[in-house]
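Okay, so here's the structure we're looking at.
Quick note: residue numbers are just sequence positions, from 1.
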Amino acid sequence: MEAGRDCDVVLTGGRVIDPETGFDEFADVGIRDGRIVSVGNDTPNSREIVDVSGLVVAPGFIDLHSHAQNLPGHRLQALDGVTTTLELEAGALPVADYYEAATAEGRPLNFGYSAGWVHARMSVLDDVADADPLHDPTDRLGMSTFEKFQDGPRWRDAADAPEVDRILTLVREQIEAGAIGVGVLAGYAPGFAQSELDGLAQLAAESRQSLFVHSRSIANVDHGGALDAVRELIDVAERFDAPIHLCHMNSTSGQRIGSVVDEMREAQARGVTITTEAYPYGAGSTVIGASFLDPQRLAANNMSPQSIIYLATGERVASAERLDEIRAVDPGGICILESFDLTDDHQKELLFEALTYPDAAMASDAIAVTFNGDEEHRRAAEEAIAGDVWPLPKGLIAHPRSSGCFATVFSWLVREAQVLTLTEAIRRCTLIPANILAEAAPAMSRKGRLQVGADADVCVFDPETIEPGGDYQQLQPTTGVEYLYVSGTSVVFEGQLLPDSLPGRPVYGAKRSRDIE
Ligand SMILES: [Zn+2]
């Protein structure tokens with residue numbers, strides 16, 4: 001140990017909470033070379049001492065579900081306390097190029113991708129060319145292919161046996177290249193055959209890599225609806241002993257949440273390896289061309305076009321005719337979809353059932369910021385979306401979960417509604433997601449913990465004041481995260497984002513991790 005440099009930085013005087021050991025005391029945290037090297041009351045020598053008294057010192061939040069894999073997306077999440085943000089539900093393809101492009105550009109937060117199953121379907125069934133994120137800025141997001149080729153003719157439908165083989169081969173290649181599991185947007189390609197899901201589950205079981213699934217149906221109906229879609233996943237997880245993660249249990253279960261919760265509990269009790277996550281909002285966000293937003297399907301599912309807000313114009317969709325029109329012109333356009341009316345106490349209780357489900361992770365489902373059509377701010381907005389601009393200009397918009405999911409967990413679920421304790425909320429934002437990935441991405445076992453030897457991914461925040469900034473109409477960062485460290489490097493300092501700080505590292509699936517360690 002060098003003299004006078006026991007640590008690079010010491011956080012002193014904070015309330016330190018480790019969700020794994022239950023440690024919850026006022027203590028100093030020493031960081032050196034990207035790891036936590038001390039937690040206790042004997043303050044070590046350090047280059048830098050930061051007084052964090054009055055604040056909570058927790059592991060950085062781990063987001064299993066963020067589509068906002070660009071600089072603006074990462075920076076908004078940094079201010080929301082996130083240190084690792086992963087695109088696991090949609091995934092990417094080719095994953096190696098996505099990892100390389102993000103590494104070359106630099107990221108403030110740790111990042112990773114699953115294998116994109118719909119991308120593989122688009123490639124095999126609609127001859128969509130491989131994305132090129134290294135050279136084409138319009139391919140930068142993992143889900144770019146998904147947004148761009150929504151109107152492809154066949155990717156939503158059943159594939160024949162040789163095509164299924166090719167899809168599975170493409171997916172397997174991504175796992176070999178370091179993808180964390182497989183992103184399965186089943187609800188967007190609901191025509192796929194059972195044999196294809198069986199093939200994915202077999203791959204998941206053999207590789208011990210989870211399927212991260214947006215379930216096949218959100219319909220509020222008895223047969224072929226949201227509950228059957230979850231039963232299908234439990235069944236396949238059980239038959240193949242495959243690890244399966246049900247994405248955003250809140251939004252895909254909708255009004256069927258009570259039955260979904262019962263079914264999940266029973267499955268987990270008999271040892272089925274199924275995990276889940278939720279986000280604290282009554283509305284979701286997706287592409288307006290999604291199969292389940294077809295006006296006829298909406299009607300069959302007891303939903304109406306008026307529960308959709310189209311972000312490009314800000315309009316609430318007035319009729320089935322108008323919805324058809326928008327879907328034809330801009331199928332990849334982003335919209336908000338209301339699933340719970342939070343002014344109704346019963347509806348709120350339904351959402352809380354998902355958010356308090358045992359061992360459910362908090363996961364944001366963040367989407368990349370987009371432009372709201374305000375001509376006055378168009379140029380600045382477009383530059384900010386494509387490039388390296390901070391602070392973000394006016395005129396940007398995204399579902400508020402993209403900038404404030406984790407703050408909302410503390411401001412709403414802990415402080416206001418009191419349905420989670422502070423410690424339990426921290427556990428759901430850190431240790432639980434880390435544990436969900438422990439097998440698929442071994443590096444995650446050093447994250448989600450505030451202990452000696454853990455990665456120095458640390459979030460220092462004020463649990464009394466942390467507050468999301470934006471809403472559905474305007475984008476604003478969270479306030480109340482005072483310091484954020486990623487691998488020991490400061491990304492947020494005294495509440496301010498440091499735009500030049502890009503310490504984020506790739507998190508790979510186990511195949512690649514084994515190759516490089
Ligand atoms: Zn989804």
Side-chain angles (χ1 to χ4, degrees), residues 89-94 114-131 142-174 182-204 211-219 221 223-233 235-236 240 242 244 246-247 252 286-301 303 320 323-333 335 337:
E89 184 215 32
L93 192 148
S114 67
W117 168 74
V118 286
H119 306 62
R121 297 196 107 237
M122 285 173 164
S123 167
V124 169
L125 301 176
D126 290 338
D127 287 322
V128 165
D130 273 2
M143 69 186 300
S144 298
T145 304
F146 172 69
E147 287 180 6
K148 279 194 208 174
F149 298 99
Q150 276 293 311
D151 55 358
R154 288 196 57 214
W155 67 274
R156 294 182 171 90
D157 302 331
D160 66 27
E163 288 168 340
V164 169
D165 279 348
R166 287 168 56 207
I167 293 165
L168 294 176
T169 299
L170 255 181
V171 168
R172 186 185 300 271
E173 286 168 3
Q174 308 314 308
V182 187
V184 182
L185 290 174
Y188 294 83
F192 68 89
Q194 179 68 49
S195 59
E196 190 168 336
L197 183 58
D198 287 356
L200 288 168
Q202 199 167 357
L203 174 60
L211 306 181
F212 299 91
V213 186
H214 178 123
S215 56
R216 200 192 294 245
S217 173
I218 61 169
V221 296
H223 297 289
L227 179 59
D228 280 352
V230 171
R231 286 184 174 140
E232 170 180 64
L233 299 178
D235 168 67
V236 80
F240 290 90
I244 292 188
L246 172 66
C247 293
T252 40
T286 188
V287 290
I288 201 158
S291 310
F292 51 83
L293 299 184
D294 176 89
Q296 282 175 5
R297 267 229 212 172
L298 282 180
N301 296 348
M303 295 163 67
L323 181 54
D324 273 332
E325 199 176 292
I326 301 171
R327 283 164 57 86
V329 177
D330 183 19
C335 68
L337 173 66

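No side-chain heavy atom of V118 sits under 4.5 Å from any side-chain heavy atom of T145. Using a 4.5 Å cut-off on side-chain heavy atoms (C-beta onward), T286 and C335 make contact. Inter-residue side-chain proximity for M303 and L337 is flagged as met; some heavy-atom pair is nearer than 4.5 Å. Annotation: side chain of L125 is not in contact with side chain of D157 (no heavy-atom distance under 4.5 Å). A heavy-atom distance below 4.5 Å is not found between the side chains of R166 and L170. Y188 has its side chain out of reach of R121: every pair of non-hydrogen atoms, C-beta onward, lies at least 4.5 Å apart. Side chains of P295 and D324 form a contact here, defined as non-hydrogen atoms less than 4.5 Å apart. Side-chain contact between Q202 and D198 is absent, with no heavy atoms from C-beta onward closer than 4.5 Å.
For the atom pair CD1 of I288 and CD1 of I326, the computed distance is 4.5 Å after rounding to the nearest 0.5 Å. To the nearest 0.5 Å, atoms NZ (K148) and CE (M122) are separated by 11.0 Å. Considering CG of L197 and CG of L211, their distance stands at 7.0 Å, rounded to 0.5 Å. A distance of 9.5 Å separates CG of D330 from CD of E147, quoted to the nearest 0.5 Å. In this structure, S144 OG and L93 CG are separated by 12.5 Å, a value rounded to the nearest 0.5 Å. Interatomic distance, OG1 of T169 versus CG of L203, reported as 9.5 Å (0.5 Å rounding).
Nearest heavy-atom pair across R297 and P190 is NH2-CG, 3.6 Å. Heavy-atom minimum distance, L293 versus R327: C-NH1, 3.4 Å. For the pair A90 and S114, the tightest heavy-atom approach, listed with the atom from each and the gap, is C-OG, 4.3 Å. Taking both residues in full, the closest heavy atoms of R216 and E232 are given as NH2-OE2, 2.6 Å, listed atom of the first, atom of the second, then distance. Contact record, D228 with G224: OD2-N, 2.8 Å, taken as the closest heavy-atom pair. When every heavy atom of H119 is checked against every heavy atom of M143, the shortest pair comes out as NE2-CA, 4.0 Å.
The ring-ring contact (aromatic ring centres under 6.0 Å, His included) test with W117 is passed by exactly one of F192, F146, F212: F192.
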Quick one, S215 with L233, criterion side-chain contact (heavy atoms from CB on, under 4.5 Å). Give me CA distance, side-chain angles, the key distance, then yes/no. CA-CA 8 Å; S215 56; L233 299 178; 4.2 Å; yes
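Side-chain N or O atoms of D126 include none that pairs as donor or acceptor with a backbone N or O of V128 at under 3.5 Å.
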